Amino acid sequence: MASGMTLCAFVLIVQPLLQRAHDDELFPMTAWQFAIFLLSAVIVLCAVLTIGEIGIRTGGPVLISCLMLFLGERNIPLICVTAILRKVSARNGTST
């Protein structure tokens, strides 16, 4: 799964670079957008590796928490409750 994520991220980076010969602009995104893209790819890749190593019951809440922080949520109690509910629902076999 991690190799698939890495391959998709690589294709998303290389494809615009190959098409830039046909366009007038040198790079299809700003440096800030590229940095944010790389940061999000690293977060997801690390979460996939964590889930692979320690399982979905622990890795799932870590992924949810990291993505909530990345997307701008700063309410720590809400993040904790969301991660705990995810962990409880995974333990009980239900989906939220």
Side-chain angles (χ1 to χ4, degrees):
M1 189 165 160
S3 59
M5 288 292 299
T6 305
L7 180 64
C8 287
F10 180 74
V11 169
L12 285 173
I13 293 170
V14 171
Q15 183 181 9
L17 295 175
L18 294 176
Q19 292 178 353
R20 75 178 186 173
H22 304 293
D23 296 335
D24 291 338
E25 59 184 289
L26 295 176
F27 196 66
M29 62 180 80
T30 65
W32 176 251
Q33 291 170 333
F34 186 68
I36 293 297
F37 169 76
L38 287 179
L39 177 63
S40 63
V42 166
I43 289 172
V44 171
L45 185 61
C46 289
V48 167
L49 294 174
T50 302
I51 289 170
E53 287 296 316
I54 59 177
I56 190 70
R57 288 193 177 149
T58 305
V62 170
L63 172 62
I64 291 169
S65 302
C66 290
L67 288 176
M68 286 179 76
L69 286 170
F70 176 72
L71 293 173
E73 181 61 54
R74 296 294 180 248
N75 187 352
I76 300 300
L78 179 65
I79 293 172
C80 293
V81 167
T82 304
I84 290 169
L85 286 177
R86 166 59 183 100
K87 191 170 187 170
V88 169
S89 68
R91 184 178 303 138
N92 294 335
T94 60
S95 62
T96 54

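In what follows, residues are counted from 1 in the order of the sequence shown. Small disclaimer: the values here were computed from a predicted structure and weren't measured.
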query = Quick check: does any side chain N or O of S40 sit under 3.5 Å from a backbone N or O of F37, one acting as donor and the other as acceptor?
reply = yes
Identify all side-chain donor-acceptor contacts of residues 60-68 below 3.5 Å with residues at least two apart in sequence or on another chain.
unit_1	atom_1	unit_2	atom_2	d
S65	OG	P61	O	2.8

Residues 42-50, side-chain donor-acceptor partners within the protein, below 3.5 Å, at least two apart:
unit_1	atom_1	unit_2	atom_2	d
T50	OG1	C46	O	2.8

remark   = Output for pair (I51 CD1, E53 CD), nearest 0.5 Å, gives 11.5 Å
Side chains of residues 74-81: which donor-acceptor pairs under 3.5 Å do they make with residues two or more places apart or in other chains?
unit_1	atom_1	unit_2	atom_2	d
R74	NH1	L69	O	2.8

